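One structure is given below, encoded as structure tokens.
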Amino acid sequence: MSNASLDSSSTADAQDALAVYGWDEGWAAEFASYAEQGLVPGRVVRVDRGQCDVVTPGGTVRADTEFVVPRDPMKVVCTGDWVAVDPEGSHPLYVRTLLPRRTAFVRSTSSKRSEGQVLATNIDHVVICVSLAAELDLGRIERFLALAMSCSSGEALLHESALSWESGAQPVVVLTKADLVPDAVTLSHLVQDVETSAPGVPVLPVSAASGDGLDVLAAVVCGGTSVLLGQSGAGKSTLANALLGEDVMEVQATRDVDGKGRHTTTTRNLLVLPGGGVLIDTPGLRGVGLWDAGTGVGQVFAEIEELAAGCRFHDCAHVAEPGCAVLAAVDSGALSQRRLDSYRKLLRENQRIVAKTDARVRAEIRRDWKRKGAEGRAAMEVKRGRWM
Ligand code: GDP
Ligand code: ZN
């Protein structure tokens with residue numbers, strides 16, 4: 001693996017070899033100054049023990065992450081990152097820099113942990129898998145959507161109000177195991193129910209068993225990098241295998257012949273899909289829980305936030321205030337009480353988390369600016385509107 005040739009490759013070569021991994025003109029532009037320094041571009045396909053595997057135009061290389069800003073959990077090399085690798089010197093090679101991330105999936109809190117943990121980066125689609133084998137839990141889908149919305153750019157994390165579907169990764173709800181739904185009418189009702197809970201979000205019924213809907217999903221994810229989210233048992237591994245066209249992912253039912261437990265054939269956490277696009281599946285993402293939903297609540301309930309603009313009081317809590325446009329919408333039937341309750345519940349649960357995240361993000365940005373100021377690049381970064 002470490003014997004891949006890394007002779008200074010031209011940008012055109014890099015374009016060809018890395019295109020299937022998502023390399024585009026934007027990345028080429030970001031990389032230009034590093035190319036001048038003789039560095040080689042690549043995408044991180046796996047991270048473990050302070051080292052990572054990087055796909056480069058010359059093949060996959062093992063690289064040490066030690067040269068990238070240490071002690072900053074947000075700048076730890078992560079699966080999905082585009083990096084500049086130093087082709088000189090002994091193996092493992094060094095990752096010299098991270099290209100500015102377009103999006104980052106950051107676990108903001110998990111009980112005692114106060115720092116963010118980057119789980120995957122440069123994600124275009126967050127595929128939320130919901131099993132049709134059990135009764136639909138719309139509240140749970142809304143929570144996963146909020147979680148998907150927290151996968152955003154550093155900039156959007158700072159200005160929460162600036163978050164939009166466009167600024168971060170695009171969420172998609174996939175209703176898995178559609179073959180278990182007895183008839184097409186029932187299925188279309190289920191899809192409609194989910195659509196009302198996910199305004200503006202594509203909802204796709206899919207069956208890995210029959211293959212139905214797989215082509216539609218493949219078309220959605222072919223344009224970039226995707227992650228699969230969802231409860232254990234939702235069918236993520238099966239879906240990943242169906243998209244990949246081979247059993248690369250571990251499926252829960254699969255056991256070692258010697259009974260030692262699950263076997264894993266995955267050596268990479270970032271895989272190229274035969275129909276185009278890239279899938280990231282890391283143990284960290286697998287373990288993502290709903291408590292990580294973070295800052296996305298407002299976007300999931302955009303229509304409630306819109307209604308709230310019509311409330312008499314700008315700090316209306318929509319409980320019993322006079323002139324409350326949200327309660328009026330509930331009264332008229334335009335908004336369901338269930339959805340308002342779900343919104344309130346999610347807001348409450350996330351208040352503490354959001355406060356914590358904001359403090360952390362602000363601290364990071366301050367650190368970042370100090371560093372950039374020292375490097376004399378602040379002005380350039382402002383112009384580009386980048387925070388990383
Ligand atoms: P994960 O925990 O989200 O990765 O879920 P798995 O992929 O391990 O799937 C959980 C279970 O659901 C397994 O027993 C699968 O065989 C089953 N399953 C997955 N996809 C389908 C499907 O399209 N139809 C049916 N009937 N079962 C499925
Ligand atoms: Zn109100």
Side-chain angles (χ1 to χ4, degrees), residues 126-135 137 140-141 144 147 172-183 186-187 190-191 204-218 226-256 261-266 269 271 279-290 298 301-332 334-337 339-341 343-344 347:
V126 178
V127 180
I128 299 164
C129 299
V130 179
S131 169
L132 288 172
E135 204 179 322
D137 181 340
R140 182 184 294 152
I141 295 172
F144 267 112
L147 178 59
V172 182
V173 176
V174 166
L175 302 179
T176 63
K177 315 188 194 183
D179 54 284
L180 299 178
V181 178
D183 61 278
T186 310
L187 184 60
L190 291 168
V191 170
L204 312 174
V206 166
S207 167
S210 72
D212 284 349
L214 277 177
D215 51 344
V216 182
L217 178 59
S226 300
V227 295
L228 303 178
L229 293 186
Q231 288 208 310
S232 178
K236 298 181 294 297
S237 311
T238 310
L239 196 57
N241 286 331
L243 287 170
L244 288 160
E246 51 185 310
D247 282 358
V248 179
M249 300 291 167
E250 124 191 58
V251 175
Q252 258 181 11
T254 316
R255 300 278 165 181
D256 267 341
R262 291 179 206 176
H263 73 103
T264 311
T265 50
T266 314
N269 294 322
L271 296 147
L279 189 66
I280 296 182
D281 178 65
T282 67
L285 279 171
R286 286 280 170 117
V288 160
L290 295 174
F301 296 92
E303 90 276 30
I304 298 184
E305 307 245 305
E306 261 169 46
L307 285 167
C311 293
R312 186 178 304 161
F313 305 111
H314 79 94
D315 59 348
C316 183
H318 328 304
V319 178
E321 289 84 350
C324 173
V326 175
L327 292 175
V330 172
D331 282 345
S332 76
L335 176 68
S336 77
Q337 183 67 46
R339 198 153 154 82
L340 178 57
D341 290 344
Y343 171 72
R344 286 212 191 102
L347 268 190

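Because the structure is predicted, anything quoted here is derived from the model rather than measured. Hydrogens, waters and symmetry mates play no part in the numbers below; they use all other heavy atoms, side chains included. Remember, it's 1-based here, ligands and their atoms both numbered in the order they're listed.
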Next on the checklist: Within this structure, what is the CD1-CG distance for the pair Ile280 and Asn269, rounded to the nearest 0.5 Å?
Outcome noted: 8.5 Å
Next on the checklist: Keeping to distances under 2.8 Å, can you name the protein N/O/S atoms close to the Zn ion (ligand 2)?
Outcome noted: Cys311 SG, Cys316 SG, His318 ND1, Cys324 SG
Checklist outcome for this item: The answer for which part of Asp179 has a heavy atom under 4.0 Å from ligand 1 is side chain
Next on the checklist: Could you work out, with side chain to side chain donor-acceptor pair (under 3.5 Å) as the rule, every residue matching Asp341, not counting sequence neighbours?
Outcome noted: Gln337
Checklist entry - Going by distance only, is there an N or O of Leu239 that falls short of 3.5 Å from an N or O of ligand 1? => result no
Item to check | Side chain proximity check, Val319 to Arg344, heavy atoms < 4.5 angstrom | outcome: yes
Checklist outcome for this item: In this structure, CG of Asp212 is separated from CG of Asp179 (nearest 0.5 Å) by 8.0 Å
Checklist entry - Is there any N or O on Leu180 that sits under 3.5 Å from an N or O of ligand 1? => result no
Checklist outcome for this item: Min over Gly211, Gly235, Ser232 of heavy-atom distance to atom 5 (O) of ligand 1 lands on Gly235
Next on the checklist: Counting C-beta onward and ignoring hydrogens, is there a side-chain heavy-atom pair between Asp281 and Leu271 closer than 4.5 Å?
Outcome noted: no
Checklist entry - How far does CG of Leu204 sit from CG of Asp215, to the nearest 0.5 angstrom? => result 10.0 Å
Checklist entry - Going by the order shown, which atoms of ligand 1 are within less than 4.0 Å of some heavy atom of Ala209? => result 22 (C), 23 (O), 24 (N)
Checklist entry - Under 3.5 Å, is there a donor-acceptor pair between the side chain of Thr176 and the main chain of Cys129? => result no
Next on the checklist: For the 3.5 Å polar cut-off, considering only N or O atoms, please tell me whether Gly233 and ligand 1 meet it.
Outcome noted: yes
Checklist entry - Rounded to the nearest 0.5 Å, how far does NE2 of His318 lie from CG of Leu307? => result 8.5 Å
Checklist entry - Can you list the ligand 1 atoms lying under 4.0 Å from a non-hydrogen atom of Ser207? => result 23 (O)
Next on the checklist: List the residues meeting side-chain contact (heavy atoms from CB on, under 4.5 Å) with Ala178, not counting sequence neighbours, and say none if there are none.
Outcome noted: Leu132, Leu187, Pro205, Ser207
Checklist entry - Among Asn241, Leu214, Thr238, whose heavy atom sits nearest atom 6 (P) of ligand 1? => result Thr238
Item to check | Numbered atoms of ligand 1 (with element) below 4.0 Å of Gln231, judged on heavy atoms | outcome: 3 (O)
Next on the checklist: Going by the rule salt bridge (charged side-chain N to carboxylate O under 4.0 Å, His left out), which residues pair with Asp137 if we only count those two or more places apart in sequence or in a different chain?
Outcome noted: Arg140
